Amino acid sequence: MSISSSQTFADAQGEALMATAIAGLSQSPKVLPAKLLYDERGSQLFEAICDLPEYYPTRTEIGILQRHAEQIATLIGSNAQLIEFGSGWSIKTRILLEAIDQLASYVPIDISCEPLLESARKLRAAYPHLQVHPLCVDYEQDFSLPDNEQSRLRRVAFFPGSTIGNFPQPEARAFLNRIADLVGPDGALLIGVDLQKDLDILLPAYNDAQGITAEFNLNLLHRLNREAGANFEVEQFEHWAIWNEAFGRIEMRLISQKEQNVQIGNATFNFQPGESICTEYSYKYTLEGFAQLAERFRVEEVWTDARSLFSVQYLTQID
Ligand code: AVJ
């Protein structure tokens, strides 16, 4: 698809966003990468989702971390460097920091710089012994960790929130393998993994009664209109999340309410009535399924809640 050079864009970022959107909508079925959901408004809406009565993952994971903080702290140990993927405000990490007696080093990684740096400042104030090395990068890209040679700290990766569920399975496996390389042979991984469950619980978590998840999903179209020169009639799309049994995943979709054309820059996309754009996967695992996915790790501990909705797992590397 060619885009005329006479077209003017707000900025290079808008141009990159447009190219990404065009690539996704050119696929069949149409897709948009989930990462695009998390602009400033999207991140606020996601925080609101975490407080919804139907959205069980966040509060369940926090409950598990609180209940088992002592044991988790013992497994991580003091002479360790904790590396967190997508740290945000480090709320879950604080539960661990309270329980670990003087963790040596903490490397929070987040693509969103401002919250990252502000929260790093607050952590330094609250934990004067803790070395805090924030990395403002996209953790899906290559990056290097602060030098660890002299202190020889054991590396433990922390990947909460079941964000691993966003990756299609080959990518999830590759990502876990990258973590294995990153932490090294004596390293470990503490990870939150959402579990397969009754659809009566699962579907409302992604189709909430207040419509916050719908707003979160539709915000992506507003964003493309604002930043990427698109002309979506947002009211002509409806949010719906379905369970894809064959793949074991939730799929968030935006469904076209009529036959319509949408323009992004100079590209035109036709939508049939009922045709959808898939905007996010959220894989749900069985314990066996996840153990197979994490092929370079040995599952040492699995903690769950009373209803087995969610799991927090501690894995060490197999060498
Ligand atoms: C942030 C990817 C873990 O999949 O549950 C919540 C995102 N999307 N509601 C999830 C999400 C819709 C969330 N993750």
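Every value quoted in this text rests on a predicted model; they were computed, and no experiment measured them. When a ligand or atom number is given, it counts from 1 through the structure's own listing order.
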Open item on the list: Considering F216, Y206, Y38 one by one, which has a heavy atom nearer to atom 7 (C) of ligand 1 than any of the others?
Closed with: Y38
TODO: Can you pull out the closest protein heavy atom to atom 13 (C) of ligand 1? Residue, atom name and distance to 0.1 Å, please.
DONE: Y55 OH, 3.3 Å
Open item on the list: For a ring-ring contact (aromatic ring centres under 6.0 Å, His included) check, start with the C-alpha distance between Y281 and F247, then their side-chain angles and the critical distance, and finish with the verdict.
Closed with: CA-CA 10 Å; Y281 296 144; F247 285 88; 7.8 Å; no
Task: Nearest-neighbour protein heavy atom for atom 8 (N) of ligand 1, which is reported as residue plus atom name and distance - done: E280 OE1, 2.6 Å
- [ ] Would you mind listing which atoms of ligand 1 come within a distance below 4.0 Å of any non-hydrogen atom of N166?
- [x] 2 (C), 4 (O)
TODO: Measure from the side-chain N and O atoms of R124 to the backbone N and O of V132, and report whether any donor-acceptor pair falls under 3.5 Å.
DONE: yes
Task: All side-chain hydrogen bond (donor to acceptor under 3.5 Å, both in side chains) counterparts of R41, not counting sequence neighbours - done: Q44, E215
Open item on the list: So which atom in P160 and which in K92 form the shortest heavy-atom distance, rounded to 0.1 Å?
Closed with: CB-CD, 3.8 Å
Open item on the list: Tell me which pairs pass ring pair (Phe, Tyr, Trp, His ring centres under 6.0 Å) where either residue lies in residues 112-132, with sequence neighbours left out.
Closed with: none
- [ ] Could you list the atoms of ligand 1 found under 4.0 angstrom from a heavy atom of G161?
- [x] 3 (C)
Task: Top protein contact for atom 1 (C) of ligand 1, by heavy-atom distance - done: F46 CZ, 3.4 Å
Task: Protein contact to atom 4 (O) of ligand 1 [nearest heavy atom, distance to 0.1 Å] - done: S282 OG, 2.6 Å
Open item on the list: Please check: side-chain N/O of R249 versus main-chain N/O of N244, any donor-acceptor pairing under 3.5 Å?
Closed with: no
